[in-house]
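To start, the structure itself, in structure tokens.
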Amino acid sequence: MAQLSDDCFAFGGALLSVDAALGRIEERVTTLVETETAPLGGVCGRILAEDVVASMNLPPHANSAVDGYAFAHADLVPGRETVLPVLGRAAAGHPLGRPAERGAAIRIFTGAPMPEGADTVMMQEDCVFEDGRVWLKPGIKKGANRRHAGEDVAEGAVALAAGRRLSPADLGLAAALGCCELPVFRRLRVALLSTGDEVRDPGTALPSGMIYDANRFMLAALLNGLGCAVSDFGIRPDREAALADTLATASAGHDLIVTSGGVSTGEEDHVKQAIERLGNLHFWRLAIKPGRPVALGQVAGAPLIGLPGNPVAALVTFVVLARPLILRLAGAAASAPRLFPVRAGFGYRKKPGRREYVRASLERQGKDLVAVKYPRDGAGILSSITQSEGLVIVDEETREVAPGMTVEFLPFSEVIG
Ligand code: AMP
Ligand code: MG
């Protein structure tokens with residue numbers, strides 16, 4: 001297993017902007033996992049480890065884009081209808097098998113290889129066929145309805161670049177180029193645990209003063225969505241020794257440990273001491289809201305991300321920081337999600353100097369997409385996330401968003417699942 005340097009997360013500053021944090025991840029974090037070759041059927045969502053270079057043209061041969069008649073454009077009578085005898089037939093999988101004669105047309109179907117000598121196809125709807133001859137309308141351009149060999153991907157071109165997360169269409173393209181397996185990065189093995197004496201598993205009794213574990217289920221789904229193989233280490237109590245034991249176990253056989261809770265600087269926050277006992281820990285105080293410090297560290301060589309306990313803060317810091325970090329460890333190239341300009345359907349004031357993520361949904365108003373803010377924004381209000389479609393990102397310098405202003409919207413669909 002590749003190792004990160006022990007101090008790759010070291011950071012001495014007080015408050016770290018999101019861009020600085022992302023820059024730091026890009027600089028210091030490298031792929032942690034080996035590559036393997038896997039059959040095409042099993043690699044959707046995985047990260048491609050090497051460029052796929054086309055070993056052939058796609059399409060492999062020039063072919064017809066329509067059902068109709070193929071001919072040499074030079075055989076048309078300029079400005080008038082042309083009548084040509086139809087002297088052959090080519091269908092998909094059934095090439096003509098010889099060059100086409102000059103002064104004649106070939107009946108042709110979609111996907112059939114273009115016969116040598118023919119360069120243009122007229123759609124059957126535009127032709128009249130009678131008694132073995134075809135009447136061709138004037139005005140068609142040379143090369144119409146002909147697909148060139150290699151017009152999709154030329155032999156030798158990079159069809160899929162290393163570092164991309166493979167989509168269904170990527171698999172289609174690889175298959176069209178004759179690949180039956182692809183080199184991918186091994187899945188990142190992630191150990192996941194929740195911390196807190198008050199946190200209980202759903203499905204068990206809930207004594208007074210306790211809460212059910214929301215984070216572990218949310219984070220496991222987020223990690224699975226990024227292609228990680230997640231091991232569930234359950235809920236650990238707020239006791240340094242118990243946490244240290246679990247972290248030591250988790251560090252063996254995992255590429256990454258993800259925790260939630262226990263990383264603020266209160267006296268009940270024991271993750272910090274446990275990690276410091278086993279390795280080293282750095283707090284990145286991100287200048288964001290909602291969000292608290294995110295702990296980044298190493299436990300016996302395994303990197304660790306400690307997310308805040310508040311579910312909303314856990315989700316936002318996961319999306320903003322953990323997601324790019326995990327994608328990078330897992331071998332992905334640049335992973336910045338796309339943002340979409342929309343109109344603000346709300347007014348909002350904030351302190352300058354930090355980036356704020358406002359929970360919102362989109363509404364169509366005439367030609368505009370308008371972001372409507374979710375009315376409640378506490379860091380513990382998880383339903384504010386389930387009832388929203390994404391986050392309006394209000395950058396550091398902005399002090400006030402006025403209704404009607406253009407703002408950047410990050411749909412959850414870009415970063416989740
Ligand atoms: P902490 O970061 O441990 O100080 O926790 C901050 C807040 O998040 C507290 O109200 C915790 O009870 C709550 N919390 C911590 N862990 C979880 C969890 N796994 N699921 C839901 N809420 C949690
Ligand atoms: Mg706690």
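Because only heavy atoms are used, hydrogens play no part in the values below, and waters and symmetry mates are left out as well, while side chains stay in. Predicted, not measured: the structure shown is a model, and the values here were computed from it. Atoms within a ligand are numbered from 1 in the order they appear, just like the ligands themselves.
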### Message
Need the ligand 1 atom indices (1-based, order shown) with element for anything under 4.0 Å from a heavy-atom of D213.
### Response
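Within the 4.0 Å cut-off of D213, ligand 1 contributes 18 (C), 19 (N), 20 (N).
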### Query
With only distance considered, is A214 within less than 3.5 Å of ligand 1 through an N or O on each side?
yes
### Message
Considering both backbone and side-chain atoms of N310, is one of its nitrogen or oxygen atoms within less than 3.5 Å of a nitrogen or oxygen in ligand 1?
### Response
yes
### Message
On a heavy-atom basis, which atom in S361 and which in S388 lie closest, and how many Å separate them?
### Response
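Taking every non-hydrogen atom into account, OG-CA, 3.4 Å.
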### Message
For the backbone of G279 and the side chain of Q298, can you confirm whether one donor and one acceptor N or O come within less than 3.5 Å of each other?
### Response
no
### Query
Are the side chain of R359 and the backbone of D377 linked by a donor-acceptor contact shorter than 3.5 Å?
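Yes.
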### Summary
Check: of A314, G309, S260, min heavy-atom distance to atom 5 (O) of ligand 1 comes from G309
### Task
Would you please classify the geometry between the F129 ring and the Y69 ring as parallel, tilted or perpendicular, with 30° and 60° separating the classes?
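It falls in the parallel class, under 30°.
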#### Entry: H94 atom NE2, neighbour heavy-atom count above 12 within 6.0 Å
no
### Message
Is it true that, when you exclude R349 itself, more than 12 heavy atoms of the residues, nucleotides or ligands shown sit nearer than 6.0 Å to its CZ?
### Response
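No - once you tally the heavy atoms of other residues, nucleotides and ligands closer than 6.0 Å, there are 12 at most.
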### Query
Counting only heavy atoms, which portion of I211 has something under 4.0 Å from ligand 1: side chain, backbone, both, or neither?
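The part of I211 near ligand 1 is the side chain, not the backbone.
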### Message
If we only consider heavy atoms of E198, is any one of them less than 4.0 Å away from an atom in ligand 1?
### Response
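So E198 counts as touching ligand 1.
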### Message
Looking at ligand 1, is there an atom of it that comes within less than 4.0 Å of some heavy atom belonging to G262?
### Response
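A heavy atom of G262 does come that close to ligand 1.
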